[in-house]
Amino acid sequence: MRRKGNPVVFVMTLHRRDALDSAPPPIGRRNKPIPEGEDYLVEGSWGPQLVEGLDRREGDLIVTKKGRSGFGFTPLHRVLRNLGVDHCIVTGGAVHGCVEDTVREGAGLGYRLTLVSDALYRPNSPQIAVMADYAEIKKTEEALAEI
């Protein structure tokens, strides 16, 4: 992306330690409580770290989110519009949570979306097919060829 002059935007979930700024749906908080004392998704903890081999560079954009969708309660839509972006290639994140919510909302906002099926968590999950109405689904090699 960088070599072609395309913007790289990292959408990262970060919460306060007391989770007062957390915005997942109430059912998510109830069904998957975070154990007391666990700093999951707290800035500086292991939760929001990038996977090995992926790094942020000067000029990359960071959008912090508090809930599941990258668009919900964030400036992502405005950032993409300011950049003139109308097509997003989506990688990383949990397919059945954050990625699905982001893709549905992004499609509703008029973005063309490509999901890189082998660059999501869980890679090549059968759940990805649910999003075929909202996004093109490609493997890494296909997405790279498109760029």
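A donor-acceptor pair under 3.5 Å is absent between the side-chain atoms of Lys138 and the main chain of Glu141, judged by distance alone. No donor-acceptor pair closer than 3.5 Å links the side chain of Lys4 to the backbone N or O of Asn6.
Glu58 has its side chain out of reach of Asp60: every pair of non-hydrogen atoms, C-beta onward, lies at least 4.5 Å apart. Within the 4.5 Å cutoff, no side-chain heavy atoms of Val90 are placed close to those of Thr102. Residues His87 and Thr114 form a side-chain contact, since some pair of their non-hydrogen atoms from C-beta on lies under 4.5 Å apart. The side-chain heavy atoms of Lys65 and Cys98, taken from C-beta on, include a pair separated by under 4.5 Å. You'll find the side chain of Ile89 reaches within 4.5 Å of the side chain of Met1, heavy atoms only. With contacts defined as side-chain heavy-atom distances shorter than 4.5 Å, the pair Phe71/Val11 does not qualify.
There is no path of hydrophobic side-chain contacts, each under 4.5 Å, that joins Phe10 to Val63.
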| CA sep, side-chain torsions, deciding dist, call: Leu14, Val42, side-chain contact (heavy atoms from CB on, under 4.5 Å) | CA-CA 5 Å; Leu14 290 175; Val42 173; over 6 Å; no
| message | Assess the residue pair Arg56 and Leu50 against the criterion (side-chain contact (heavy atoms from CB on, under 4.5 Å)); give the C-alpha distance rounded to whole Å, side-chain angles, the decisive distance to 0.1 Å, and a yes or no. | response | CA-CA 9 Å; Arg56 294 185 292 205; Leu50 296 175; 3.6 Å; yes
| Worked verdict on Glu136 versus Arg112 for salt bridge (Lys or Arg N to Asp or Glu O under 4.0 Å) | CA-CA 8 Å; Glu136 296 175 80; Arg112 180 175 154 233; 2.9 Å; yes
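With sequence neighbours left out, Leu20 forms a side chain to side chain contact (heavy atoms under 4.5 Å, CB included) with Arg16, Asp18. Contacts of Asp55 classified as salt bridge (Lys or Arg N to Asp or Glu O under 4.0 Å), with partners at least two apart in sequence or in another chain: Arg57. Under the salt bridge (Lys or Arg N to Asp or Glu O under 4.0 Å) criterion, Lys66 pairs with Asp21, sequence neighbours left out. With sequence neighbours left out, the side chain to side chain donor-acceptor pair (under 3.5 Å) criterion links Ser45 to no other residue.
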Side-chain donor-acceptor contacts of residues 72-85 below 3.5 Å, not counting sequence neighbours, with atom names and distances?
residue, atom, partner, partner atom, Å
Thr74, OG1, Gly70, O, 2.5
Thr74, OG1, Leu76, N, 3.2
His77, ND1, Tyr111, OH, 2.8
Arg81, NH2, Leu109, O, 3.3
Asn82, ND2, Arg78, O, 3.4

Report all side-chain donor-acceptor pairs from residues 119-126 shorter than 3.5 Å, counting only partners two or more places apart or in another chain.
residue, atom, partner, partner atom, Å
Asn124, OD1, Ser117, OG, 3.2
Asn124, OD1, Lys139, NZ, 2.7
Ser125, OG, Gln127, N, 3.1

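Closest heavy-atom contact between Val116 and Ala143: CG2-CB, 3.8 Å. Residues Pro48 and Met12 approach most closely at O-CE, 3.0 Å, considering heavy atoms.
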